Amino acid sequence: MFIEPVKPTGHNLNNMAYFPEVSGPIPFEGRGSKNPLAFRHYDAHKVIGGKTMAEHLRFAVCYWHTFRGTGLDPFGAGTMMRAWDQAADPMQRARDTMDAAFEFMSKLGVNFWCFHDHDIAPEDSSFAQSTKNLQSMVEYASEKQADTGIQLLWGTANLFSHPRYQAGAATNPDPHGFAYAGAQVKRALEATQELGGLGYVFWGGREGYDTLLNTDLKREREQFARLLWMAIDHAKKIGFKGQFYIEPKPKEPTTHQYDSNAEACLNFLREFDLLNHLKLNLETNHATLAGHSMLHEMRVARHADVLGSVDANTGDELIGWDTDQFPTSLYLTTEIMIEVLKMGGFTSGGLNFDAKVRRQSHEPVDLFYAHIGGMDAFARGLEVAWAILEDGRLDDFVRTRYAEWESEFGRKIMESNKTLDDLEDHVLRHGEPERKSGRQEMLENLVNEFIL
Ligand code: XLS
Ligand code: NI
Ligand code: NI
């Protein structure tokens, strides 16, 4: 599906007030540009391998960090200057925030956005009133989408911020807590459907435990699967055709989260027969917290055919938190794009900047610098990844490394025609296997050949 990069209309621009530093769409100026508010690599219309950069990359802006993030950290208050977050009435604040969001996304030139229910609509004194707020904001968002052509990549429910979820949402020891989570998922799913969302994400922020002393791990995992099945059934009922995703993360906020990494998620999906219904939404900083590279997580998911979407961010190697920084490393974006290209490109998914500006980057214009940098890093990563795959030497090396497995001897082992007795015979006849260099440094140089 090709989506034209958004061009704000004159009419829209007149109403655009929150980002006065940026008058129109961020231009592509190419490598030599010294303009910090221009792209150097991201040229939405540039064709690589038959698809435009916009089609390959499918950038999305995340509502929570970008428009609702305050800069609060465990040691200090919020720092962000946010003119859209000032009105006394929470619903007015929600509308102002949405005005700012669509102004920002139009000017940036992204085609997608992502949200949690309570990012866009304030939670109220009762569930019924919270639902009314959500419905009203969904109407507002749907006008904005129609105005700008921006689409919803995925929606989700915030099942982790409210104190009622302190002991978990789906994995709550109390079925009344489970019910609240279910009701919220129902409404968030309907909101996503209403907005034509291409997907729906489950990130288990509180679906884990702080201590096993008080936890029935077996039951909690079953409960979690049950909620997913209920969501799948509801999707069928309302005709929601979008893709469901589960987002792995090993810890934070809980000590141990059940969806700890791609392989744990795969085990969970297989165990509860959910593999045909959910794919993975992988996030770089979560891979880091799990002690894996993003490349590892991407590859595991791709091989199992569950690589769905990416939360594009990065962590800080010196801080052990989910710092959710904007991705700037070409090694990282190249690795991600190699896997995306190898799976044949995104279908329902995309690259969602689940990332926040640093606490000291408190001005609205910093949001532009952050996203422009992330988009440029991915555009360049795409070019490098494409060039590496076209060059073919990296893939050839790996193929050659395993070539003996294609020999008669190798094939017979794998086709179960050989026993341990046969292997012993073989060793007695052939002696030591030949050692071959893994050539790691040479291959690192090969990658650098394309990046430098
Ligand atoms: C938090 C998660 C969250 C999900 C959406 O660490 O990344 O932002 O992407 O609930
Ligand atoms: Ni995320
Ligand atoms: Ni995260």
Side-chain angles (χ1 to χ4, degrees), residues 59-70 72-74 112-120 123 152-162 165 168-171 181 184-185 187-189 191-192 197-208 224 227-228 231 242-262 265 278-292 294 297-298 301 307-316 319-327 332 336 348-358 370 374:
F59 290 123
V61 168
C62 92
Y63 211 89
W64 50 103
H65 289 314
T66 296
F67 308 112
R68 304 298 314 280
T70 60
L72 183 102
D73 77 8
F112 299 99
W113 65 303
C114 299
F115 71 90
H116 301 83
D117 48 1
H118 298 315
D119 300 335
I120 63 168
E123 193 159 10
L152 180 61
L153 190 68
W154 51 261
T156 185
N158 180 330
L159 305 177
F160 43 90
S161 293
H162 196 279
Y165 296 127
T171 60
Q184 229 186 295
V185 167
R187 291 301 184 174
L189 190 56
T192 302
L198 304 180
Y200 186 92
V201 165
F202 289 92
W203 168 61
R206 304 268 172 203
E207 315 293 26
F224 191 27
L227 187 76
L228 296 179
Q243 175 67 51
F244 280 115
Y245 307 99
I246 196 161
E247 183 177 324
K249 186 175 182 181
K251 55 190 169 195
E252 211 187 286
T254 64
T255 307
H256 176 95
Q257 287 182 190
Y258 298 129
D259 313 325
S260 46
N261 61 17
C265 285
L278 288 105
K279 291 193 169 182
L280 303 188
N281 178 41
L282 295 174
E283 178 168 322
T284 314
N285 206 161
H286 298 180
T288 319
L289 292 178
H292 298 305
M294 182 60 163
E297 293 291 86
M298 299 275 298
L307 178 47
S309 202
V310 169
D311 272 4
N313 67 10
T314 194
D316 187 313
I319 303 179
W321 308 338
D322 191 15
T323 55
D324 287 339
Q325 291 171 225
F326 278 83
L332 172 66
I336 291 176
S348 54
L351 295 169
N352 168 44
F353 288 111
D354 190 351
K356 56 186 176 221
V357 288
R358 300 301 85 195

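Sequence positions, counted from 1, serve as the residue numbers for this chain. Just so it is clear, the structure is predicted and the values come from calculations on it, not from any experiment. Indexing begins at 1, ligand by ligand and atom by atom, following the structure's order.
- Between Tyr200 and Tyr245, a ring centre-to-centre spacing not shorter than 6.0 Å is recorded.
- Ring centroid separation for the pair Phe160 and Trp203 comes in under the 6.0 Å cut-off.
- The closest side-chain donor-acceptor pair between Thr314 and Gln325, if any, does not fall under 3.5 angstrom.
- Between the side chains of Asp311 and Asn281, at least one donor N or O lies within less than 3.5 Å of an accepting N or O.
- At a cut-off of 3.5 Å, with distance as the only test, no side-chain donor of Asn285 or Asn313 sits close to an acceptor on the other residue.
- Taking a cut-off of 2.8 Å, the protein N, O or S atoms nearer than that to the Ni ion (ligand 2) are Glu247 OE2, Glu283 OE1, Asp311 OD2, Asp354 OD2.
- Using modelled atom types, no side-chain atom of Glu252 and backbone atom of Trp321 make a donor-acceptor pair closer than 3.5 Å.
- Here is the list of ligand 1 atoms found below 4.0 Å of a heavy atom in His116: 5 (C), 10 (O).
- At under 3.5 Å, a nitrogen or oxygen of His286, whether backbone or side chain, sits near a nitrogen or oxygen of ligand 1.
- Ranking protein heavy atoms by distance to atom 8 (O) of ligand 1, first place goes to Asp354 OD2, 2.9 Å.
- For the ligand labelled ligand 1, residue Glu252 lies outside the 4.0 Å heavy-atom shell.
- Here the N, O or S atom of Asp322 that is nearest to the Ni ion (ligand 3) is OD2.
- Atoms of ligand 1 found under 4.0 Å from any heavy atom of Lys249 (numbered from 1 in listed order, with element): 1 (C), 6 (O).
- The two residues Ala301 and Leu282 make their nearest non-hydrogen contact at CB-CD1, 3.9 Å.
- Using a cut-off of 4.0 Å between Lys/Arg side-chain N and Asp/Glu carboxylate O, Asp259 and Lys249 are scored as not salt-bridged.
- Remark: ligand 1 atoms within the under-4.0 Å shell around heavy atoms of Asp322 are 6 (O).
- Checked against a 3.5 angstrom limit, the closest N/O atoms of Glu283 and ligand 1 fall inside it.
- Between Phe326 and Val357, some side-chain heavy-atom pair lies under the 4.5 Å cut-off.
- The closest approach between a heavy atom of Asp311 and any atom of ligand 1 is below 4.0 Å.
- In summary, the aromatic rings of Trp64 and Phe115 are positioned with their centroids too far apart to meet the 6.0 Å limit.
- For Tyr165 and Gln184, the side-chain atoms include at least one donor-acceptor pair closer than 3.5 Å.
- Only side-chain heavy atoms of Glu247 come within less than 4.0 Å of ligand 1; its backbone N, CA, C and O stay farther off.
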